[in-house]
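Take a look at the structure below.
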Amino acid sequence: MCSIAGINGVNVKDRLLCMLDVLSHRGPDGKGVYSGTRIAYNSQTDDINDSDFMIGHNLLSIVGTNELQPIVASNLVLVSNAELYNYKNLIDEFNLTNLKTNSDCEIILKVIENFYDDDLKDAVLRAIPFFDGDYAFCITDGADYIVIRDCVGVKPVYYAYDDNTFAFASEQKALKEIGMTSIYNLKPTCMIYNDDIVEVRSQWKHAEPYTDYDYAKESLKESIIEAVLKRVDDLDDVALLFSGGVDSTLIATILKQYDVNTTLYTIGTENSQDLKVARKTASDIDLPIVTRIIDKDVVLDEFCPTIDTIEDKNLMKIGVGMTIKLTSQLAHENNHKVILSGQGADELFAGYNRYKKKYSQQDELIKELEHDLNNIYDVNLERDDKATMSNSVELRVPFLDKKVINTALHMPVKYLLDSAEDNMRKHILRDAAYEIGVPEQIAYRPKKAAQYGTGIDKIIRKKIIKKEPYKSIIK
């Protein structure tokens, strides 16, 4: 993965280069800039001509040596923060030949080029249904430009504008650095089209419910296995954010069964639940685990840096963000560039305790599940992406695969919750996990949130936020 940035205004070069410098942690392997008809890479970007519209890119090379961006086809220019899991199928489907790289970003450009006939908006809207993956990209034909992100919002895009300038970037801090103050995140249902926000997709909605439990369970098993495997294709090894709960253990079990070289990563206080359970589960499924014991001093040292990383002062987000930031740091230290996470399972399969309150009002519960899925980009995904990318590690989330989501949206409430007193929740996912091979005691272990399981939240609440200056920082 990478970072993207762009700016439309007057004499924007210095501000674009400033944004790319701020985002360099997301892409330490190279830099590129487009200005008018010219493209420059790395040190040459300092000498490129100024322009009223410029876009830039920082590269994080995951597999082999990826091509520096921006990339060009015909008169189209693209910068992309993307991972397409069906890029090989797209090569065949669109008969793409004479490719310069094995980059899925080039595939995005080529598929859009296939539909392009002097109407960039039409070409992009016709192309994006074919993209199966996580992405945020900007494309221009010199006359128009478009910025769009994937349909869940796994990859972030923020934008800001004033009287003279419109700018976008992968993180808010890049926009703040150039003096932009009113900053918004681009909704996955929308795209930026020549400085305007245009709605282009519908929100996720529940569909006609399955009536056969076994069919629903088999469909779920198939879609989850496929989602995990497509996210590790072509990787020699992979890291996994691991709590020892059913979601992460299900991913670990699939990776183990398909002989993917996997290392589990867990942090926690010395006697925290996650460390104890994760170590035992790792032993049970015979996968290596790397752990780090944290204490008050570590949490205190990471408190403000985590706020800066996740760009949010919400207490719960800080606890989760610190967990992910410290865990992905361990993965980075072991030279991993990709880490998987079980993010999204709770929103899809009613994993949170609060869902029980609406069990007797199932239409309202379905609406709440839809709301949480449609807003997961803002509540969780942008935080998680920034936490891992602060360590130059790319996050991949199999449960938010389009096929898994569409399967989950067919689940009636009775497949998820048994009653208003149900402390287990997400039953069909647990049954699927057990049948795939997750140990029974893990498949049916009640959920505990990451910040609680690691002990971080307890330290923050009892030892840190009661004291100044931290008390006045928190929302």
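Because only heavy atoms are used, hydrogens play no part in the values below, and waters and symmetry mates are left out as well, while side chains stay in.
Side-chain polar atoms of Arg292 and Thr327 form no donor-acceptor pair below 3.5 angstrom. A donor atom on one side chain and an acceptor atom on the other are found under 3.5 Å apart for Tyr87 and Asp234. Side-chain polar atoms of Tyr85 and Asp134 form a donor-acceptor pair below 3.5 angstrom. Neither side chain, Gln343 nor Asp247, offers a donor N or O lying under 3.5 Å from an acceptor on the other. Side chains of Tyr34 and His57: no donor on one and acceptor on the other come within 3.5 Å. Side-chain contact of His336 with Glu394: a donor-acceptor pair under 3.5 Å is absent, judged by distance alone. Side-chain contact check for Ser24 and Asn58: no donor-acceptor pair (N or O, by modelled atom type) lies under 3.5 Å. Of the N and O atoms on the side chains of Ser103 and Glu67, not one donor lies less than 3.5 Å from an acceptor on the other residue.
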| request: Begin from the C-alpha positions of Glu347 and Tyr352 and carry the test side-chain hydrogen bond (donor to acceptor under 3.5 Å, both in side chains) through to its verdict. | output: CA-CA 8 Å; Glu347 289 80 1; Tyr352 296 127; 2.8 Å; yes
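The side-chain contact (heavy atoms from CB on, under 4.5 Å) search around Ala216 returns Tyr210, Met411, Tyr415, Ile428, not counting sequence neighbours. Qualifying side-chain contact (heavy atoms from CB on, under 4.5 Å) partners for Glu222, counting only residues two or more places apart in sequence or in other chains: Lys403. Evaluation of the side-chain contact (heavy atoms from CB on, under 4.5 Å) rule for Ala278 yields Phe242, Thr266, Ile289 as partners, not counting sequence neighbours. Phe94 meets the side-chain contact (heavy atoms from CB on, under 4.5 Å) test with Leu90, Leu96, Val111, Asn114, Phe115, Phe130; sequence neighbours excluded. Shown here are the ring pair (Phe, Tyr, Trp, His ring centres under 6.0 Å) partners of Phe303, two or more places apart in sequence or in another chain: Tyr470.
Applying the side chain to side chain donor-acceptor pair (under 3.5 Å) rule to pairs touching residues 179-197 yields Asn8-Asp195, Asp144-Asn194, Tyr145-Asp195, Asn185-Asp378, Asn185-Glu382, sequence neighbours excluded.
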